[in-house]
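Below is one structure, written out as structure tokens, with a few remarks after it.
Basis for what follows: all heavy atoms, side chains included, without hydrogens, waters or symmetry-related copies. Letters A, B, ... are given to chains in the order of the sequence lines, protein chains preceding strands, and every chain is numbered from 1. Treat the numbers as computed from the prediction; the structure is a model and nothing was measured.
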Amino acid sequence: MKNDIIEIEQIISEAYTKIENSQNITLLNKISSEYLGKKSKLSKIIRALVKYPIDQRKEIALTANQAKNHIKNVIISKRQEILLNNVNNKYNTKQIDCSTTSLYFPFSRGSFHPIISTMEDIITIFKLLGFSIFEGNDIENDWYNFEALNIPQYHPARDIQDTFYIDEMKTKLLRTHTSAAQIHVMEEQSPPIQIIVPGRVYRNETQNTSHSSTFHQIEGLVVNKYVTFVDLKTIIKYFVHKFFERDLKIRFRPSYFQFTEPSAEVDIQCYFCDNTKCCSVCSNSGWIEILGCGMVHPNVFKSVNYDTYKYKGYAFGIGIERIAMIKYQIDDIRLFYANDLAFLQQF
Amino acid sequence: MKISYNFLKKFIDFNINPDKLVALMSSIGLEATFMSINNNYTNIVTAEIVNISKHPNADRLSLCKLSDGLKDYSIICGANNIKIGQIVPLAKIGAIVNKMKVKPIVIRGILSEGMICSKYELGLDVNKSHGILILDASTKIGLDFSNVIDNNDFLLNIEIPSNRGDCLNYIGLAREIGAKLHKSIKYPNIKMIKPKHNMSLNICIQSKLCYRYIGTVLSGIKISRSPEWLIEILNKSDIRSINNIVDITNYVMLETGQPLHAFDINSFKSSNIIIRNAIANETILTIENKQHVLDANDIVLSSNKDILSIAGIIGGKDSSVTEKTSSILLESAMFDAISIRKTSKKFNITSQASYRFERNGTDWNMIDFASWRAINLIIQITGAKIESQVDIKRKKFRQTKILLNLKKIDSVLGYHINKHDILQILKYLGIKILLTNSVTITCIIPSWRSDITENIDLIEEIARIHGYDNIPYAMIKRKPNHINANKSFLPDIVKDMRITLKCLGFHEVLNSSFAEIADLNKFHLDYFYKIINPISKENEVLRPSLLPSMYNNLLSNISHGIDSISLFEYGKTFNKYSENKKFAIIMYGKIWNEWWKWNDLNILPKYDFYFCGGIIKHILPLKDIDIVKNNIHKSYYHPDQVVSIFHHNKVVGHFGTLDPSITQHDHIQGDIFYCEINTDLIEYSTKTQILRYKQYSKFPFVKRDISIVANKSLKFFEIENVINDIIQTGNILKQYSIFSVYSNNKLLGNNKISYSIRLLYQNKNRTLTNKEVDEDVHNLLQKLDNNLGIKLRQS
């Protein structure tokens with residue numbers, strides 16, 4: 001009996017050494033079956049207990065089972081140690097540089113043109129206000145571009161709109177403003193009208209940092225029975241605040257357009273100097289002009305045979321390049337049409 | 001119009017500083033700005049000149065010592081109007097003068113620590129020649145210049161709307177300010193003097209376009225330089241001083257808006273002066289030394305056969321006032337605005353007079369006032385005597401009477417202004433109230449306001465003077481839209497293509513709608529609209545295609561050293577019968593950039609026909625689009641590398657390699673690929689294209705790769721047709737892709753080509769067995785052999 005106890009102790013110490021020296025799970029599994037399995041020495045000792053008297057059996061069995069549990073626990077802890085080591089080894093060998101520069105991507109990023117994006121932004125705002133979209137033609141005649149809009153021939157107001165003509169008789173021309181489309185819409189349908197007209201317009205001017213012979217406008221026209229100057233002011237203010245996403249101060253200044261009366265130009269608080277009046281963008285005035293608007297002139301309604309007593313309307317015209325230049329702080333209008341990748345990539 | 005702030009005060013009492021005046025004028029629709037070249041007076045202070053000595057190395061320069069009370073400065077100055085003890089504006093180091101930063105500078109061996117400024121340099125004068133600004137002797141030293149500026153004058157530039165010719169003068173502007181400030185204006189005093197009647201002219205109006213003519217004969221004139229005060233006022237409005245007579249006529253015009261003209265009577269061949277329409281081919285040599293040939297649309301002043309002036313526009317050279325002039329005819333008249341404009345446009349002459357006449361800047365009641373004002377000044381300044389005067393009226397002045405409907409004001413503005421305020425506004429605008437009751441006001445419009453003709457004009461006046469900013473905002477009225485409600489600025493197909501292309505690294509461009517003929521010729525393109533009055537070559541014609549400008553975008557970016565360019569544009573082209581929006585794509589160079597993990601540099605492919613074609617196919621809708629080689633005639637493509645894009649059997653676009661013979665000219669290495677699509681012709685809508693979910697199999701694909709050999713003349717789409725046939729009729733072949741194309745005369749034989757195709761098989765309900773897949777592959781190979789003579793590759 002004593003021999004058995006000594007053997008068990010030997011088995012334990014033998015197993016300890018083996019477990020301690022084993023470095024991988026496979027070996028450990030082998031050790032596990034060697035010492036804990038049915039064919040293990042400990043199992044044999046337990047099976048051989050029958051040769052001892054009952055009172056002695058108990059002691060040996062207890063010692064043998066304790067030994068089994070002991071070895072089992074040591075194996076479990078060794079197993080965890082090995083697993084942990086394996087993982088740590090993996091981390092150590094697979095270390096990579098995660099700095100952003102190494103994450104360079106060989107495909108370049110594309111871009112949308114800022115003018116188209118600006119137009120889409122503006123259109124989205126007005127669509128949500130219930131405006132429909134109308135697109136007119138770029139080639140117009142004198143009636144739609146001037147006469148019907150209360151700009152008779154030989155009126156000095158034509159001076160500021162140098163016109164490109166495409167026939168010798170000067171009847172066909174490139175529209176100088178999207179307002180030309182107002183007349184088409186009103187000729188085609190009766191009130192109520194609530195439209196915006198996005199499109200290209202043309203002025204025969206020398207190009208410089210703020211003038212381009214091709215540029216874009218969005219025209220707005222609302223005609224209904226009860227439409228007032230207060231409505232116009234309200235919608236313009238709403239638009240400005242939505243577009244610039246800021247509660248900018250705005251002011252309405254009386255102005256003169258042939259096709260509206262009363263007419264106004266709208267200034268916003270200078271985006272660059274915040275109305276502190278010390279920058280070149282607003283020429284130290286603290287204000288930047290962004291659009292023109294007004295109540296539709298009765299003569300315009302007369303040219304489309306609308307009842308001037310029954311209907312009133314307002315119209316506005318937004319210069320897209322101008323408003324985009326303000327929003328993106330672009331100082332030269334020609335950049336929009338130069339199409340340099342260095343410029344386009346920024347949008 | 002440029003005006004002087006101080007001089008304006010002669011016509012109206014007001015106590016507001018220039019800053020506030022600018023704001024006030026803008027608030028009533030006369031946009032005003034400071035005409036300063038420099039309004040930033042930081043680092044400019046008042047300083048006393050304590051010493052002046054000659055610059056040892058330069059005769060014309062002085063060495064000055066200035067003090068601002070704290071420190072002395074040595075300054076080198078070239079002006080000759082400075083004296084010891086004077087107070088002057090000193091720009092210290094760091095100040096901005098004339099858009100330049102003042103820096104310490106060594107002039108001929110001596111350091112200057114700043115500069116003494118002139119009015120011009122301070123932006124207070126347009127004339128450079130007036131020397132240093134000498135401030136009032138009582139001015140304290142060491143003050144910021146901005147604090148003392150009130151003692152000096154300011155130049156304002158006022159933008160006057162084209163319907164407000166009445167504001168093109170001091171009195172007119174004073175009236176506007178008075179309307180806002182509730183103040184009356186001060187007119188200059190005039191004295192009527194009895195003519196002596198020793199000398200007279202027979203003046204007669206024959207033209208219907210001359211409404212009134214006051215002609216005054218003055219004698220005993222001594223022509224000389226004008227007094228300084230007069231020259232200064234003219235200068236401030238950018239009018240050059242000529243001599244005392246011409247200057248007085250211009251000066252009175254600035255005061256009253258009435259253009260005046262003086263003729264030298266000694267140049268007249270006859271005492272009969274006729275205002276008439278010109279006879280065709282009559283000519284005049286103007287004071288600008290230009291010869292003009294006149295016709296019956298032009299109004300002229302004539303004496304015998306001589307044309308003395310183009311009325312209301314410009315005088316003749318021979319009748320102009322010179323040093324020798326001793327007697328003059330002084331003209332104060334009114335001509336038809338449209339006639340003046342036609343003639344001035346025709347001859348391309350814009351004079352101070354024509355500018356005012358064509359804007360109805362003349363006031364019927366001001367014609368004789370201005371005339372007398374000028375006569376008084378001429379007598380006072382030149383010692384002249386008045387000989388005779390005629391006042392001929394071809395037309396009677398008609399007062400405008402308007403019945404202003406009070407309700408209409410509310411209905412236009414959406415806001416109520418009380419009647420008392422309305423009456424005040426009208427009164428200070430010079431509008432007389434004839435009658436008033438609870439619904440209407442009967443208004444008499446003053447003679448200078450020919451722009452006010454109807455109710456809406458009065459409503460604008462009331463709103464303008466009341467102040468737009470005093471009119472409140474309201475809640476937004478949201479009304480449903482009903483017409484073209486679904487229409488959007490960018491069609492759905494364009495929206496989708498833009499997004500896909502942006503994700504593929506393409507950049508959107510915008511080009512002008514114009515083209516140069518030379519650029520079109522390069523691509524053998526015709527134009528349909530030519531601009532008859534282009535300012536430059538860039539605006540010669542309207543573009544018939546997006547290609548020339550996109551090609552130029554490519555060239556300019558290549559010239560910047562960029563070797564990978566892919567652009568797209570959506571815009572209008574102009575063709576014979578219509579304006580069409582087109583969508584175009586241009587591709588050139590490398591597809592992607594080097595990547596540090598791809599060591600092999602051969603992995604940098606360039607755009608080629610197949611890759612670009614793949615992009616085109618990728619961005620177009622899946623359904624109903626076919627890309628087919630047909631023999632389309634587009635002169636700018638490589639004759640063999642061009643395909644058409646079909647939609648419902650209609651050509652909607654084309655794609656191809658640009659003709660290398662064109663691109664070679666511009667020294668471009670490699671091919672350029674271009675595609676133009678008429679998106680209007682493609683039916684596509686994200687809203688109407690209904691997508692339906694199809695059940696998919698959860699069992700794995702079985703893959704088979706086959707390599708087949710075909711004749712080179714066979715088009716791949718014929719092979720595709722056979723495969724697609726099996727996909728549609730059978731039930732296990734689901735997809736195919738081509739992964740290798742290969743030709744080698746030795747291995748495959750002449751004119752043979754090998755395609756390696758990957759076939760994917762799948763069954764909805766179970767895993768496929770090898771046997772049934774092999775049977776299907778066999779079936780396919782058999783069909784390829786039977787239909788097209790294609791064999792499995794043996795190697």
Side-chain angles (χ1 to χ4, degrees), chain A residues 104 106-113 115-116 119-120 123 129-134 137-139 154 156-157 164-168 189 192 194 198 200 204 206 213-214 228-231 233-235 237-238 251-256 261-262 264 283-284 295 297-298 312 336-337 339-341 344, chain B residues 26-29 33 39 161-163 338 341-342 358-359 412-415 456 459-460 463-464 468-469 471-474 476-481 483-485 487-489 498 501-513 529-533 535 539 553 557 562 572 579 592-593 595:
Chain A
Y104 171 76
F107 296 88
S108 53
R109 196 188 284 258
S111 64
F112 290 149
H113 197 281
I115 292 296
I116 302 282
M119 286 181 101
E120 285 207 289
I123 289 165
L129 288 171
F131 282 73
S132 311
I133 294 169
F134 178 86
N137 282 337
D138 294 16
I139 297 172
Y154 297 112
F164 284 113
Y165 290 95
I166 52 178
D167 66 344
E168 292 292 339
Q189 68 191 58
Q194 190 168 354
R200 272 192 175 187
N204 198 354
T206 313
S213 57
T214 303
T228 68
F229 192 70
V230 166
D231 299 332
K233 278 191 75 171
T234 306
I235 210 125
K237 183 181 158 194
Y238 177 84
R251 76 172 182 188
F252 285 73
R253 229 171 351 92
S255 188
Y256 175 64
E261 188 166 19
S283 30
N284 308 320
M295 303 302 292
H297 197 286
K312 298 211 167 37
F336 289 124
Y337 298 97
N339 297 316
D340 286 333
L341 283 183
L344 298 172
Chain B
S26 294
S27 82
I28 55 171
T33 42
N39 344 69
S162 59
N163 64 332
I338 290 175
R341 184 171 166 81
K342 281 184 184 168
E358 65 185 38
R359 282 167 174 72
V412 170
L413 299 182
Y415 168 70
I456 195 71
I459 294 169
E460 177 176 59
R464 180 173 75 91
Y468 283 2
D469 284 337
I471 297 173
Y473 299 103
I476 285 206
K477 290 181 203 161
R478 219 172 281 213
K479 286 183 212 91
N481 54 16
I483 304 118
N484 295 330
K487 203 180 162 193
S488 67
F489 172 55
R498 284 174 84 235
L501 285 171
K502 186 189 171 186
C503 294
L504 289 170
F506 282 65
H507 298 280
E508 184 173 36
V509 296
L510 269 191
N511 284 291
S512 116
S513 306
Y529 297 101
K530 193 172 175 176
I531 305 298
I532 61 157
N533 57 336
I535 262 188
N539 304 330
N553 296 154
N557 279 300
I562 296 165
K572 263 185 191 170
E579 302 173 14
W592 54 69
N593 300 313
W595 195 38

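- Contact annotation for B:I531: both backbone and side-chain heavy atoms come within less than 4.5 Å of a heavy atom of chain A.
- Each of A:N137, A:L344, A:D231 has some count of heavy-atom pairs under 4.5 Å with chain B, and the biggest count is that of A:N137.
- Both the backbone and the side chain of A:L341 come within contact range of chain B, with heavy atoms under 4.5 Å apart.
- Interatomic distance, A:S255 OG to B:E460 CD, rounded to the nearest 0.5 Å: 9.0 Å.
- In this structure, CG on B:N593 lies 6.0 Å from OG on A:S108, to the nearest 0.5 angstrom.
- In this structure, B:K502 satisfies the cation-pi test against A:F112, with its NZ or CZ atom closer than 6.0 Å to the six-membered ring centre and inside 45 degrees of the ring normal.
- Of all heavy-atom pairs between B:F489 and A:I133, the closest is N-CD1, 3.6 Å.
- Remark: the A:R253 side chain and the B:S27 side chain contain no N/O donor-acceptor pair separated by less than 3.5 Å.
- Across every non-hydrogen atom of A:E120 and B:R498, the tightest pair is OE1-NH1, 3.3 Å.
- Between B:A474 and A:V230, the closest heavy-atom pair is CB-CG1, 3.5 Å.
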Side chain to side chain contact (heavy atoms under 4.5 Å, CB included) between A:Y104 and B:W595, intermediate numbers included: CA-CA 8 Å; A:Y104 171 76; B:W595 195 38; 3.6 Å; yes
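- Neither side chain, B:N539 nor A:N204, offers a donor N or O lying under 3.5 Å from an acceptor on the other.
- When all heavy atoms are compared, the tightest approach of A:R109 to B:H507 is O-CE1, 3.2 Å.
- Both the backbone and the side chain of A:K233 come within less than 4.5 Å of a heavy atom in chain B.
- Side-chain contact between A:F336 and B:L510: absent, with no pair of heavy atoms (C-beta onward) separated by less than 4.5 Å.
- When every heavy atom of B:I456 is checked against every heavy atom of A:H297, the shortest pair comes out as CG2-NE2, 4.2 Å.
- Aromatic ring centroids of B:Y468 and A:F229 lie under 6.0 Å apart.
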Pair A:R200-B:S513, side chain to side chain contact (heavy atoms under 4.5 Å, CB included): steps then yes or no: CA-CA 9 Å; A:R200 272 192 175 187; B:S513 306; 2.7 Å; yes
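- Listed by chain and residue number, nothing satisfies the side-chain hydrogen bond (donor to acceptor under 3.5 Å, both in side chains) test with B:S26 (two or more places apart in sequence, or in another chain).
- With a 4.5 angstrom heavy-atom cutoff, B:N163 touches chain A via backbone and side-chain atoms both.
- In terms of non-hydrogen atom pairs under 4.5 Å with chain A, the most contact-rich of B:N553, B:I562, B:N511, B:I338 is B:N511.
- Summarising the geometry of A:P262 relative to B:L413, their closest heavy-atom pair is CG-CD2, 4.3 Å, with the distance given to 0.1 Å.
- Salt-bridge formation is not detected for the pair B:K530/A:E168: no Lys NZ or Arg NE/NH1/NH2 atom is positioned less than 4.0 Å from an Asp or Glu carboxylate oxygen.
- Looking only at side-chain heavy atoms (C-beta outward), A:D167 and B:I532 stay at 4.5 Å or farther from each other.
- Of the inter-residue distances, the one linking B:Y529 atom OH with A:I139 atom CD1 reads 4.0 Å to the nearest 0.5 angstrom.
- Of the listed residues (B:V509, B:I535, B:N533), the one with the most heavy-atom contacts under 4.5 Å to chain A is B:N533.
- For A:Y165, the parts lying under 4.5 angstrom from a heavy atom of chain B are both the backbone and the side chain.
- Judged as a ring pair (Phe, Tyr, Trp, His ring centres under 6.0 Å), and not counting sequence neighbours, A:F252 has no contacts.
- Looking only at distances, a side-chain donor or acceptor of B:R341 sits under 3.5 Å from a matching main-chain atom of A:Y154.
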